[in-house]
Amino acid sequence: MRCLLFDYGGTLDADGTAWLERFHPLYEEAGLKIPRADFDRAFYDADDHLPSRHPLQGLDLEQTLRLQVHDVLEALAPERTALAEPIAARFAADSRRHFARLRPALARLGERYQLGVVSNFYGNLESILKAEGLLDLFAVVADSGTLGMTKPEPGIFLHAARAVNTPPGDCVMVGDSVKRDMAGAAAAGMKKALVTSRPALAGQDWTIRSVIELERMLP
């Protein structure tokens with residue numbers, strides 16, 4: 001293996017938990033008892049349309065999160081939009097705890113492999129990684145919002161492999177989504193490491209509970 005490609009949300013900022021599942025309890029703890037189906041619908045609508053509703057270029061993590069949460073609240077509880085700031089702050093703080101924990105392991109992995117990020121994001125992932133002190137670890141950041149390709153399309157994975165001059169077969173995609181990360185990487189001819197706390201069979205080559213475990217599992 002010559003290159004490790006990482007999903008961002010749920011992989012680098014959490015140990016296999018997607019944003020939707022991380023956000024929902026924060027809304028409940030803020031006193032918003034929203035039917036789960038309504039919350040999911042509003043969350044995905046905000047997520048899908050954030051780049052078209054707001055100028056995101058150059059925004060950091062917390063600024064981006066605040067807009068996403070604000071849009072969810074506008075749809076579900078417009079009288080409570082003031083909660084956007086504390087909810088976003090809590091989510092960002094949790095992400096930063098993961099960054100601090102993972103950074104030393106990523107730095108050591110970077111001595112053995114080229115590292116990159118392949119993410120379905122809003123087009124400002126590089127600015128977020130830079131603000132969080134992580135951008136220097138990665139040789140390529142393939143952000144769907146910038147490239148116009150989304151996982152599981154093989155093209156976004158192949159773009160990252162080309163950027164680091166590495167054949168797809170020498171790349172490992174590390175992610176928490178079976179549908180987007182595992183299936184997309186398989187279609188691109190890459191090896192796969194699934195980050196999850198639950199047993200799952202998705203054709204992955206490795207199953208890990210955290211990115212930290214890669215150090216002892218990979219050759």
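Computed over heavy atoms, backbone and side chain alike; hydrogens, waters and symmetry mates excluded.
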Name each donor-acceptor pair under 3.5 Å that joins a side chain in residues 125-135 to protein atoms two or more places apart or in another chain, with its distance.
unit_1	atom_1	unit_2	atom_2	d
Ser127	OG	Leu59	O	3.0
Ser127	OG	Asn124	O	2.8
Glu132	OE1	Arg96	NE	3.1
Glu132	OE2	Arg96	NE	3.1
Glu132	OE2	Arg96	NH2	3.0

Exercise. Tell me whether Leu115 is reachable from Met1 by hopping between hydrophobic residues (I, L, V, M, F, W, Y) whose side-chain heavy atoms are closer than 4.5 Å.
Key: yes

Self-check item: Pairwise distance OG1(Thr64) to NE2(His54) - rounded to 0.5 angstrom
Solution: 10.5 Å

Quiz item: Roughly how far, to the nearest 0.5 Å, is the CG atom of Leu67 from the CD atom of Glu62?
Solution: 11.5 Å

Quiz prompt | Atom CD of Glu28: over 12 foreign heavy atoms under 6.0 Å | solution = yes

Quiz prompt | Short side-chain to backbone donor-acceptor contact, Gln114 and Val164, under 3.5 Å | solution = yes

Exercise. Check step by step if side chain to side chain contact (heavy atoms under 4.5 Å, CB included) holds for Leu218 and Tyr113.
Key: CA-CA 10 Å; Leu218 294 179; Tyr113 310 96; 3.4 Å; yes

Quiz prompt | Euclidean distance, Leu65 CG relative to His70 NE2, rounded to 0.5 Å | solution = 14.5 Å

Quiz item: Are Asp60 and Arg66 close enough for a salt bridge, meaning some N to O gap below 4.0 Å?
Solution: no

Practice problem: For residues Ile156 and Ser119, report the shortest heavy-atom separation together with the two atoms involved. | Solution: CD1-O, 4.1 Å

Exercise. Could you tell me whether the side chain of Pro167 reaches within less than 4.5 Å of the side chain of Arg2, counting heavy atoms only?
Key: yes

Quiz item: Where do Ser95 and Arg22 come nearest, in terms of heavy atoms and distance?
Solution: OG-NH2, 2.9 Å

Quiz prompt | Spacing of OG1 belonging to Thr81 relative to CG belonging to Asp71, to within rounding of 0.5 Å | solution = 10.5 Å

Practice problem: Quick one: closest heavy-atom pair of Arg209 and Val195, and the distance? | Solution: O-CG1, 3.8 Å

Quiz item: How about Tyr27 and Leu76: do any of their side-chain heavy atoms sit closer than 4.5 Å?
Solution: no

Practice problem: For the pair Thr17 and Ser197, evaluate side chain to side chain contact (heavy atoms under 4.5 Å, CB included) and give the outcome as yes or no after the intermediate values. | Solution: CA-CA 9 Å; Thr17 305; Ser197 60; over 6 Å; no

Exercise. Indicate yes or no: at least one non-hydrogen side-chain atom of Glu213 is less than 4.5 angstrom from one of Trp206.
Key: no

Quiz item: Taking C-beta and beyond as the side chain, do Leu26 and Val69 meet within less than 4.5 Å on heavy atoms?
Solution: no

Practice problem: Check whether the side chains of Tyr122 and Asp47 place a donor and an acceptor atom closer than 3.5 Å, and report yes or no. | Solution: yes

Quiz prompt | Carboxylate-amine/guanidinium proximity below 4.0 Å for Lys151 and Asp181 | solution = yes

Practice problem: Kindly work out whether a path of hydrophobic side-chain contacts (I/L/V/M/F/W/Y, heavy atoms less than 4.5 Å apart) joins Phe23 to Leu32. | Solution: yes

Quiz item: Under 3.5 Å, is there a donor-acceptor pair between the Arg162 and His159 side chains?
Solution: no

Exercise. Verify the neighbour count for atom CZ of Arg53: are there more than 12 heavy atoms of other residues, nucleotides or ligands below 6.0 Å?
Key: yes

Practice problem: Could you pull out the closest heavy-atom pair between Ala105 and Ile212, with the gap in Å? | Solution: CB-CG1, 4.2 Å

Quiz item: For His49, which residues count as a ring pair (Phe, Tyr, Trp, His ring centres under 6.0 Å) partner, sequence neighbours excluded?
Solution: none

Exercise. Mind telling me whether Tyr8 and Phe99 have parallel, tilted or perpendicular rings, with 30° and 60° as the class edges?
Key: tilted

Self-check item: Salt-bridge criterion met for Arg90 and Asp94 (N-O under 4.0 Å)
Solution: no

Self-check item: Closest heavy-atom pair and its distance - Phe6, Leu214
Solution: CE2-CD1, 3.6 Å

Quiz item: Which pair of heavy atoms, one from Ala161 and one from Met190, lies closest together, and at what distance?
Solution: CB-CE, 3.9 Å

Exercise. Decide yes or no on side chain to side chain contact (heavy atoms under 4.5 Å, CB included) for Ile87 and Val72, but give the supporting numbers first.
Key: CA-CA 11 Å; Ile87 291 173; Val72 173; over 6 Å; no

Self-check item: Residues in side-chain hydrogen bond (donor to acceptor under 3.5 Å, both in side chains) contact with Thr11, at least two apart in sequence or another chain
Solution: Asp7, Asp176

Quiz item: Mind checking whether Leu4 and Val211 sit in one hydrophobic cluster, side chains of I, L, V, M, F, W, Y counted as touching below 4.5 Å?
Solution: yes

Quiz item: Looking at side-chain heavy atoms only, is the closest gap between His98 and Leu12 below 4.5 Å?
Solution: no

Self-check item: CD on Gln68 to CG on Leu56, rounded to 0.5 Å
Solution: 11.0 Å

Quiz item: Just checking, is any N or O donor in the side chain of Thr150 or Glu153 under 3.5 Å from an acceptor N or O on the other one?
Solution: yes

Exercise. Report the distance from atom CZ of Arg180 to atom CG of Asn120, rounding to the nearest 0.5 Å.
Key: 6.5 Å

Practice problem: Verify the neighbour count for atom CZ of Arg36: are there more than 12 heavy atoms of other residues, nucleotides or ligands below 6.0 Å? | Solution: yes

Exercise. Using atom types as modelled and distance alone, determine if a side-chain donor or acceptor of Asp205 lies under 3.5 Å from a backbone N or O of Ala193.
Key: no

Quiz item: Considering residues, nucleotides and ligands other than Lys33, do more than 12 of their heavy atoms fall under 6.0 Å from its NZ?
Solution: yes

Exercise. Might you confirm whether atom CG of Asp48 has over 12 heavy atoms from other residues, nucleotides or ligands at distances under 6.0 Å?
Key: yes

Self-check item: Shared hydrophobic cluster, Leu158 / Met182 (ILVMFWY, side-chain heavy atoms < 4.5 Å)
Solution: no

Quiz item: Hey, are the side chains of Asp13 and Leu61 touching, using non-hydrogen atoms and a 4.5 Å cut-off?
Solution: no

Quiz item: Hey, quick one: are Met149 and Leu5 part of the same hydrophobic cluster, counting side-chain heavy atoms closer than 4.5 Å, chains of contacts allowed?
Solution: yes

Exercise. Examine Phe91 together with Trp19 and report whether their ring centres are nearer than 6.0 Å.
Key: yes

Quiz prompt | Neighbour count above 12 (heavy atom, 6.0 Å) for Lys192 NZ | solution = yes

Quiz prompt | Stepwise side chain to side chain contact (heavy atoms under 4.5 Å, CB included) test for Thr146 and Phe121 | solution = CA-CA 8 Å; Thr146 300; Phe121 210 71; over 6 Å; no

